There are 2 protein chains.
Amino acid sequence: MAGDQTGARKTRRPKQAGAYRVDQQIGFLLRQANQRHVALFAGLMGDKLTTTQWSALTKLQEIQPTSQNFLGRETAMDAATIKGVVDRLVARGYVATAPDPEDGRRLILSLTADGDAAIERNLDAARTVTDETLAPLTPEEREQLARLIRKIC
Amino acid sequence: MAGDQTGARKTRRPKQAGAYRVDQQIGFLLRQANQRHVALFAGLMGDKLTTTQWSALTKLQEIQPTSQNFLGRETAMDAATIKGVVDRLVARGYVATAPDPEDGRRLILSLTADGDAAIERNLDAARTVTDETLAPLTPEEREQLARLIRKIC
DNA sequence: CGTATTTTATTTGTATGCAAACGAATAGTG
DNA sequence: CACTATTCGTTTGCATACAAATAAAATACG
């Protein structure tokens with residue numbers, strides 16, 4: 001019976017000591033926090049704008065004119081996703097598209113006057129959404145949270 | 001010209017001093033952080049399980065047998081969403097359904113042996129996903145982040 | 001110059017995520 | 001008991017989100 005000292009433990013379950021609880025994992029918490037933010041956004045913003053539409057709109061105002069894929073990169077959306085978002089913004093008349101004379105592949109995007117007005121109209125609400133989302137936190141905690149999330153992006 | 005002292009500022013833009021930058025708002029950061037986690041999850045987990053499927057599976061193991069909508073509440077999914085997730089898990093043979101003899105509306109869910117095996121098979125990977133997601137943070141920062149996110153959920 | 005690679009945009013398929021509407025069953029109330 | 005409200009599950013519609021495949025154009029390179 002030599003060598004049984006370490007071999008006798010058979011199929012001991014948890015590689016780590018503690019039990020696994022999904023709702024304590026960071027992924028679960030991130031999904032939930034994002035859900036709450038999206039809900040606040042939907043409730044406070046007018047014009048039925050979504051979070052991604054708002055991101056595309058405001059980022060476009062910042063960097064226009066620009067190509068569709070580049071706007072996607074700047075707003076953390078892949079090519080397929082940003083296309084859908086832009087299509088809906090174009091359908092609303094908030095964004096205008098034009099071919100790039102210097103690059104036959106590119107689709108150049110810019111804001112329309114309506115798009116500018118939509119941003120102007122909802123900017124205060126957007127700031128309120130951020131405030132409401134962070135309402136349970138102190139100013140120091142808000143800084144902390146932003147700093148930590150930025151580190152894991 | 002009385003009363004012009006306060007009325008002369010016309011259309012002054014920013015209600016708040018600083019310019020609005022979407023990519024500095026908490027909502028944008030939460031969406032991005034969630035994206036990174038989902039990407040890590042997809043890359044590290046086997047069996048093509050998604051984050052929500054994994055949540056439903058492990059939470060079901062914890063509280064089974066239970067109704068579909070209750071499982072949804074426990075995993076932060078509304079009725080329409082949890083239905084789709086459960087349907088796919090049933091199609092895979094990970095979850096079994098049965099009518100509730102005491103309540104004609106309820107659909108009782110439980111894990112199958114295959115469902116249990118799938119959890120067992122992926123538990124280490126799931127822990128790795130959490131670790132990798134939090135890799136840029138120190139242990140103290142991880143605690144901080146979890147605490148702060150929990151406060152805004 | 002011509003070929004290989006990369007970039008840009010598009011399309012399809014799958015999977016959340018929520019609002020809204022619905023029918024069926026249950027619970028609560030007078 | 002009858003009426004109302006609530007709950008449960010389902011379905012539809014819309015909007016992300018990404019993988020994978022494709023086509024067209026531009027770039028890199030031998």
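Being a predicted model, the structure only gives us computed values, none of them experimental. Proteins come first, then strands; the chains are lettered A, B, ... in the order of their sequence lines, and each starts at number 1.
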(request) Kindly say whether B:L134 contributes a backbone atom to a donor-acceptor pair with the side chain of B:R142 at under 3.5 angstrom? (result) yes
(message) With a 4.0 Å limit, can you tell me whether B:T50 has a side-chain N or O closer than that to the phosphate oxygens OP1/OP2 of C:dT16?
(response) yes
(request) Rounded off to whole Å, could you give me the CD-to-P distance for the A:Q68 and C:dT7 pair? (result) 17 Å
(message) Quick check on DNA chain D: between B:S67 and A:G84, whose nearest nucleotide comes earlier from the 5' end?
(response) B:S67
(request) Please check if the side chain of B:R88 supplies one atom and the backbone of B:G84 the other of a donor-acceptor pair under 3.5 Å. (result) yes
(message) Whether the side chain of A:N122 engages the backbone of A:A125 through a donor-acceptor N/O pair (distance < 3.5 Å, no angle test) should be reported.
(response) no
(message) I need the NZ-P distance between A:K48 and D:dT16, as an integer number of Å.
(response) 13 Å
(request) Return the value, rounded to whole Å, for the distance between atom CG of A:N69 and atom P of C:dT8. (result) 6 Å
Output a table of donor-acceptor pairs, distance under 3.5 Å, between side-chain atoms of residues 26-34 of chain B and any protein atom two or more places apart or on a different chain; print 'none' if there are none.
{"unit_1": "B:R31", "atom_1": "NH1", "unit_2": "A:A76", "atom_2": "O", "d": "3.3"}
{"unit_1": "B:R31", "atom_1": "NH2", "unit_2": "A:T75", "atom_2": "O", "d": "2.7"}

(request) Look at the side-chain heavy atoms of Ile, Leu, Val, Met, Phe, Trp and Tyr, link any pair under 4.5 Å apart, and say whether A:I152 and B:V129 land in one connected group. (result) no
(request) Let me know the distance between CZ of A:F70 and P of C:dA9, rounded to the nearest Å. (result) 11 Å
(message) Any base atoms under 4.0 Å from B:D103, or only sugar-phosphate, or nothing? Heavy atoms, all strands.
(response) sugar-phosphate
(request) Let me know the distance between CG of A:D87 and C1' of D:dA17, rounded to the nearest Å. (result) 15 Å
(message) Is it the case that over 12 heavy atoms from other parts of the model lie below 6.0 angstrom from the CZ atom of A:F70?
(response) no
(message) Nearest whole Å is fine: how far is C:dT16 P from B:L49 CG?
(response) 10 Å
(request) Report yes if at least one side-chain N or O of B:K83 is closer than 4.0 Å to OP1 or OP2 of D:dT10; otherwise report no. (result) yes
Table of protein N/O atoms under 3.5 Å from nucleotides 17-24 of chain C N/O atoms:
{"unit_1": "C:dG17", "atom_1": "OP2", "unit_2": "A:R31", "atom_2": "NH1", "d": "3.1"}

(request) Report the distance from atom CD of B:E102 to atom P of D:dT7, rounded to the nearest whole Å. (result) 19 Å
(message) In whole Å, I'd like the distance from the CZ atom of A:R73 to the C1' atom of D:dC18.
(response) 16 Å
(message) Check the phosphate of C:dA15 against B:R88, side-chain N and O only, distance under 4.0 Å to OP1 or OP2. Yes or no?
(response) yes
(request) Look at atom CD of A:Q24 and say whether more than 12 heavy atoms of other residues, nucleotides or ligands are closer to it than 6.0 Å. (result) yes
